Amino acid sequence: MERTFLAIKPDGVQRALVGEIIRRFETKGFTLVALKFMSVSKELAEAHYGVHRSRPFFAGLVEFITSGPVVAMVWEGEGVIAAARKMIGATNPLTAEPGTIRGDFGVNIGRNIIHGSDAPETAKTEVALWFKPEELVSWEPQIKPWLHE
Ligand code: IDP
Ligand code: MG
């Protein structure tokens, strides 16, 4: 079953959006597999955003993501990687569609509330970077027959 890595960034935590964000994925019908409330080390932040190392915003991004607690999560479900990206919305909250998390709650690209893996390969890498295998919980939601035919 497909899994994705999501993280509520320090701005999402500070703005008291943790419950609202988790609610959206939970009520959509995806399955929570792992969750931790944590501080992010500089090493983890740099590894996570390694692909952006040469971009002008990299230093500020690492500083921001390490500036306060984040909620790191793994969610599971058919098509969850692409669907979560859709629910999160475009990178710039100002142009993100209403109805998406960024579109509903943000105004600035440097404060876009939540991260979501962008493809199956990055999802695998990011889940392994943020979680130990024993932190991932496999379970069968009893609601499943009401979500899938
Ligand atoms: P994504 O989060 O929608 O996948 P990416 O292009 O992968 O967007 O960028 C990673 C993160 O870097 C963004 O979520 C945002 O926090 C930050 N970022 C991207 N572009 C800019 C920018 O132009 N200025 C400031 N921060 C940026
Ligand atoms: Mg990205």
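All ligand and atom numbering here is 1-based and tracks the order in the structure. All of these numbers come straight from a predicted model, not from anything done at the bench.
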**Complete:** Taken to the nearest 0.5 Å, the spacing of L147 CG from T31 OG1 works out to 8.0 Å
**Top protein contact for atom 9 (O) of ligand 1, by heavy-atom distance** = H52 NE2, 3.4 Å
**Prompt:** What protein heavy atom sits nearest atom 24 (N) of ligand 1, and how far away is it?
**Reply:** I109 CG2, 3.6 Å
**Item:** Distance from atom 23 (O) of ligand 1 to nearest protein heavy atom, with residue and atom
**Value:** F57 CD2, 3.9 Å
**Item:** ligand 1 N/O within reach of H115 N/O, cut-off under 3.5 Å
**Value:** no
**Prompt:** Between R23 and E26, is there a side-chain N and carboxylate O pair less than 4.0 Å apart?
**Reply:** no
**Message:** For atom 4 (O) of ligand 1, what's the nearest protein heavy-atom neighbour? Residue, atom name and distance, please.
**Reply:** R85 NH1, 2.8 Å
**Asked** If you measure from each non-hydrogen atom of L61 to ligand 1, which part falls under 4.0 Å: side chain, backbone, both or neither?
**Response** side chain
**Message:** Please confirm whether H48 approaches ligand 1 to less than 4.0 Å, judged on its heavy atoms.
**Reply:** no
**Request:** Can you label the angle between the H52 ring and the F57 ring as parallel, tilted or perpendicular, going by 30° and 60°?
**Result:** tilted
**Fill in**
Tested for side-chain contact (heavy atoms from CB on, under 4.5 Å) against R24, the lone hit among I88, I114, L17, I101 is I101
**Request:** Quick one: sort the W75 and F25 rings into parallel, tilted or perpendicular, breaks at 30° and 60°.
**Result:** tilted
**Request:** Go through the steps to decide whether M73 and F5 satisfy the test side chain to side chain contact (heavy atoms under 4.5 Å, CB included), and finish with yes or no.
**Result:** CA-CA 6 Å; M73 301 176 281; F5 171 73; over 6 Å; no
**Fill in**
Logged contact type for T91 with ligand 1, heavy-atom cut-off 4.0 Å, is both
**Fill in**
Residue, atom and distance of the protein heavy atom nearest atom 16 (O) of ligand 1 read K9 NZ, 3.0 Å
**Within-cut-off N or O pair, Y49 and ligand 1, under 3.5 Å** = no
**Request:** Identify the protein heavy atom lying closest to atom 2 (O) of ligand 1, giving its residue, its atom name and the separation to 0.1 Å.
**Result:** R102 NH2, 3.0 Å
**Prompt:** Would I109 and F105 show up in the same hydrophobic cluster when neighbours are defined by side-chain heavy atoms closer than 4.5 Å?
**Reply:** no
**Prompt:** Measuring from the heavy atoms of R55, does anything fall under 4.0 Å of ligand 1?
**Reply:** no
**Asked** With a cut-off of 4.0 Å, which atoms of ligand 1 are near a heavy atom of N112?
**Response** 13 (C), 14 (O), 15 (C), 16 (O)
**Request:** Work out which heavy atom in I113 is nearest to a heavy atom in D11; give both atom names and the distance.
**Result:** N-OD2, 2.9 Å
**Geometric cation-pi criterion K9 and F64, 6.0 Å radius, 45° cone** = no
